[in-house]
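Before any comments, here is the structure.
For reference, positions follow the sequence shown, starting with 1.
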Amino acid sequence: MLTPRQELILRKVVEAHQATGQPVGSKTLAADPDLGCGPSTIRNELALLEDAGLITHPHTSAGRVPTDAGRRYYVDHLPATRERADLALPLVRRELDDAMRSATATLAQVTNLLAVVSAPPLDTATIRHVEVLLLQPQVAMVVVITSTGGVSKRMLTFEDPVDPGLVSWAGAYLNERLQGVGLGARTLRARLLDASLGASEQRFLDALLPAFQGLPATEEDMVYVDGAARLLSADRLQDVAQVNELLTALERRVTLLGVLRAALGERDVLVRIGSENELPALQSLAVVAAGYGLPARKLGTVSVIGPVRMDYPAAIATVREAAVQLSRYVEDVYEA
């Protein structure tokens with residue numbers, strides 16, 4: 001446990017290093033009116049903080065910089081306020097793909113960091129609307145619109161010309177029977193079985209079934225990334241091997257998904273600093289992430305990645321606010 005003065009000195013070191021990127025000396029700290037103690041006292045406290053592994057000397061410099069453990073202590077002891085960030089995500093009246101891309105771009109621009117947002121998995125969506133269209137006498141198209149705004153089209157070819165009246169009936173019947181049904185629901189086929197239907201109607205529905213069964217198999221978890229150029233120009237990414245590892249992680253977005261899924265189990269914002277990250281490409285970086293979704297279930301994550309000397313209070317507040325706004329968005333589209 002640190003004394004209140006040691007906590008204050010550590011906070012000053014973290015925030016000064018975050019602002020300048022330079023080691024922080026005892027003379028600089030002694031000039032801070034918040035501390036109210038002389039250079040010799042500060043040097044003694046700095047030595048104790050260094051012994052505790054919370055700060056260190058870079059090279060031969062007389063100044064100190066915070067370690068990952070020091071930054072962790074700083075983050076864990078931030079004031080327990082839930083300050084709202086000034087963030088306006090352009091999510092209104094957009095389909096899911098557009099909304100996620102816009103949210104990611106806005107988050108990257110506001111924080112000046114790498115932003116990563118994962119979209120809700122397909123199997124949480126439901127069918128909102130179905131269209132059955134006759135393109136040619138023997139070619140029909142089934143259009144499925146999901147509760148998250150996703151659109152899927154499937155072309156089906158028949159040996160004989162299709163009755164236009166049957167096509168019109170099928171569209172109305174499918175909307176009546178499937179609206180609100182989950183795309184991955186095992187009961188979907190059972191919903192299309194009706195003993196009162198005639199043989200021709202049932203055969204036609206059976207022919208349309210592949211348009212629905214193929215949906216889960218053709219979709220993958222989507223990860224949206226923006227702001228990579230900002231991160232690659234940061235002063236902590238000068239090592240070529242490290243840059244290559246990070247680029248590989250960005251290309252293999254499933255790897256990022258695995259890293260960010262830890263945020264789904266958190267009640268608030270997840271922060272991983274430097275060596276706390278298991279992924280080698282992130283071990284000199286910091287990750288701030290939060291889950292978003294429905295009240296009873298998190299569906300995706302929103303996060304920023306940047307240098308370990310990032311502005312943690314601002315990053316945490318911004319990610320938290322983005323998660324709140326994305327949660328409102330997905331609640332609206334799922335209930336629509």
Side-chain angles (χ1 to χ4, degrees), residues 75 78 82-122 124-125 147-150 220-231 246 249-250 252-273 276-277 279 281-282 285-308 310-334:
V75 169
L78 286 172
R82 298 180 67 87
E83 180 180 352
R84 295 288 297 273
D86 184 14
L87 183 67
L89 300 183
L91 303 175
V92 180
R93 295 179 183 176
R94 290 180 178 269
E95 290 188 358
L96 179 67
D97 184 69
D98 287 340
M100 294 296 109
R101 292 183 190 281
S102 297
T104 309
T106 301
L107 191 60
Q109 182 177 5
V110 168
T111 63
N112 202 33
L113 300 169
L114 176 73
V116 183
V117 176
S118 66
L122 182 68
T124 63
S147 60
T148 57
E220 298 177 353
D221 289 339
M222 291 295 296
V223 180
Y224 300 85
V225 179
D226 201 297
R230 296 178 176 88
L231 184 59
L246 179 61
L250 293 178
R252 299 176 181 174
R253 298 191 175 188
V254 66
T255 304
L256 284 178
L257 269 176
V259 172
L260 300 177
R261 280 197 182 100
L264 296 177
E266 296 289 323
R267 296 184 61 182
D268 193 24
V269 178
L270 172 75
V271 180
R272 290 288 180 265
I273 302 170
E276 295 176 350
N277 291 298
L279 192 66
L282 299 179
L285 302 170
V287 178
V288 179
Y292 70 88
L294 304 175
R297 182 183 178 189
K298 299 288 182 64
L299 300 177
T301 58
V302 54
S303 62
V304 294
I305 300 173
V308 291
M310 70 168 62
D311 184 344
Y312 288 98
I316 290 170
T318 304
V319 166
R320 182 185 289 126
E321 179 62 19
V324 168
Q325 293 190 33
L326 285 170
S327 293
R328 290 173 182 163
Y329 171 77
V330 297
E331 284 186 54
D332 288 343
V333 297
Y334 272 67

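Put simply, CZ on Arg267 and NZ on Lys298 are 9.5 Å apart, with the number rounded to the nearest 0.5 Å. Atom-to-atom distance recorded for Leu299:CG and Glu331:CD is 9.5 Å, nearest 0.5 angstrom. Taken from CD1 in Ile305 to CG in Leu282, the straight-line distance is 5.5 Å, to the nearest 0.5 Å. Here Leu270 contributes atom CG and Glu276 contributes atom CD; the two are 9.0 Å apart, rounded to the nearest 0.5 Å. Here CG of Leu114 is found 7.5 Å from OG of Ser303. Values are rounded to the nearest 0.5 Å. The structure places CD of Glu321 at 10.0 Å from CG of Leu326, a figure rounded to the nearest 0.5 Å.
Two residues are said to be in side-chain contact when any heavy atoms from C-beta on lie closer than 4.5 Å; Val117 and Val223 fail this criterion. Put simply, the side chain of Asp268 does not reach to within 4.5 Å of the side chain of Ile316, judged on heavy atoms.
Val287 and Asn277 get closest at one heavy-atom pair: CG2-OD1, 3.6 Å. Annotation for Val304 and Ala315: closest pair CG2-CB, 4.2 Å, computed over non-hydrogen atoms. Closest heavy-atom contact between Ala323 and Ala290: CB-CB, 4.0 Å. Nearest heavy atoms, Leu113 versus Gly306: CD2-CA, 3.8 Å. For the residue pair Tyr292 and Ala119, the shortest heavy atom distance occurs at OH-CA, 3.6 Å.
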Next item on the list: Given side chain to side chain contact (heavy atoms under 4.5 Å, CB included), test Val271 with Tyr312 step by step and report yes or no.
Entry: CA-CA 9 Å; Val271 180; Tyr312 288 98; 4.1 Å; yes
Check: How far apart are the C-alpha atoms of Met310 and Thr111, what are their side-chain angles, what is the distance that settles it, and do they pass the side chain to side chain contact (heavy atoms under 4.5 Å, CB included) test?
Finding: CA-CA 10 Å; Met310 70 168 62; Thr111 63; over 6 Å; no
Full working for side chain to side chain contact (heavy atoms under 4.5 Å, CB included) between Thr104 and Val116: CA-CA 6 Å; Thr104 309; Val116 183; over 6 Å; no
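For the residue pair Thr301 / Ser118, a side-chain donor-acceptor distance below 3.5 Å is found, with atom types taken as modelled.
Val110 pairs in a side-chain contact (heavy atoms from CB on, under 4.5 Å) with only one of the listed residues (Leu107, Asn112, Thr106), which is Thr106.
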